[in-house]
Amino acid sequence: MQYWLMKSEPTTYGIDQLMQCPKQTDTWDGIRNYQARNFMRHQMTPGDLAFFYHSSCQVPAIVGTMKIVSTAYPDSTALDPNSPYYDPKATIDNPRWFMVDVQLQTKFTQPITLQTLRQDTRLQSMLLLQRGCRLSIQPVLPEHWQIILEYNCS
DNA sequence: GCCAACGTTGGC
DNA sequence: GCCAACGTTGGC
């Protein structure tokens with residue numbers, strides 16, 4: 001069982017959209033970065049938990065938690081010419097990109113902002129906080145997971 | 001909107 | 001396989 005952090009721009013797909021889905025479950029599609037894809041393909045397991053992170057917005061923040069509820073399978077948006085995530089190099093036989101299903105677990109009453117995370121010296125080694133880290137799916141250490149969750153109780 | 005940092009592409 | 005050029009991410 002592993003912990004993750006998954007980024008999304010709220011103007012494209014925010015936590016409220018996930019909340020409104022049937023069973024609060026949806027596909028996490030559109031990942032077009034090999035490192036992020038490989039995490040999904042080879043390391044994510046149903047039952048893993050992930051932070052939902054809002055990026056490229058006024059207040060970048062962790063806004064809730066999700067559960068991974070499927071293994072990785074081909075990302076259909078890569079095959080759809082009408083999708084903004086269309087990739088002409090993807091084929092049925094060689095899908096190139098993958099996605100997983102996620103289910104919303106909790107939406108935090110207060111977003112835990114990037115600024116808050118940066119101020120906590122215990123979190124200094126988090127990938128998210130490293131200079132220039134653009135990885136949109138990244139592992140989170142169990143101790144970091146716990147520390148961050150405590151912010152939701154205070 | 002700026003720009004630093006990073007990832008990808010493609011010629012050689 | 002190198003690396004310059006280009007595209008993207010994402011905080012500020």
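A note on names: the letters A, B, ... follow the listed sequences, proteins ahead of strands, and every chain is numbered from 1.
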Notebook entry, point to check: To the nearest angstrom, how far is Tyr53(A) atom OH from dT9(C) atom P?
Noted result: 14 Å

Checklist line | Distance in angstrom units between Asn33(A) CG and dT9(C) P, rounded | finding: 9 Å

Check: Under 3.5 Å, is there a donor-acceptor pair between the side chain of Gln20(A) and the main chain of Gln17(A)?
Finding: no

Next item on the list: Write down the distance between OH (Tyr34(A)) and C1' (dT8(B)), rounded to a whole number of angstrom.
Entry: 9 Å

Margin query: Distance check needed: dG10(C) C1' versus Tyr13(A) OH, whole Å only.
Written below: 21 Å

Next item on the list: Output the single nucleotide from dC12(C), dT9(B), dT8(B) whose closest atom is nearest the side chain of Arg96(A).
Entry: dT9(B)

Note to self: Rounding to an integer number of Å, can you tell me how far Met6(A) CE sits from dT9(C) P?
What the structure shows: 16 Å

Check: Rounding to a whole Å, what distance do you find between Arg118(A):CZ and dG10(C):P?
Finding: 13 Å

Next item on the list: Calculate the interatomic distance between Arg32(A) atom CZ and dG7(C) atom P; express it in whole Å.
Entry: 19 Å

Notebook entry, point to check: About how many Å separate CG of Leu114(A) and CD of Gln119(A), when rounded to the nearest 0.5 Å?
Noted result: 10.0 Å

Note to self: Between C1' on dT8(C) and CD1 on Ile31(A), what's the gap in Å once rounded to a whole number?
What the structure shows: 13 Å

Checklist line | Short side-chain N/O contact from Lys7(A) to OP1 or OP2 of dG10(C), under 4.0 Å | finding: yes

Check: Just checking, any donor-acceptor pair under 3.5 angstrom between side chains of Ser136(A) and Arg37(A)?
Finding: no

Notebook entry, point to check: Which residues, if any, of residues 128-137 of chain A bring a heavy atom under 4.0 Å of DNA chain B?
Noted result: Arg131(A), Gly132(A), Arg134(A)

Notebook entry, point to check: Are a donor atom and an acceptor atom from the side chains of Tyr34(A) and Arg41(A) found within less than 3.5 Å of each other?
Noted result: no

Notebook entry, point to check: Name the one of Asp29(A), Ile31(A), Asp75(A) that satisfies side-chain contact (heavy atoms from CB on, under 4.5 Å) with Tyr85(A)?
Noted result: Asp29(A)

Checklist line | Backbone N/O of Met44(A) and side chain of Asp48(A): donor-acceptor pair under 3.5 Å | finding: no

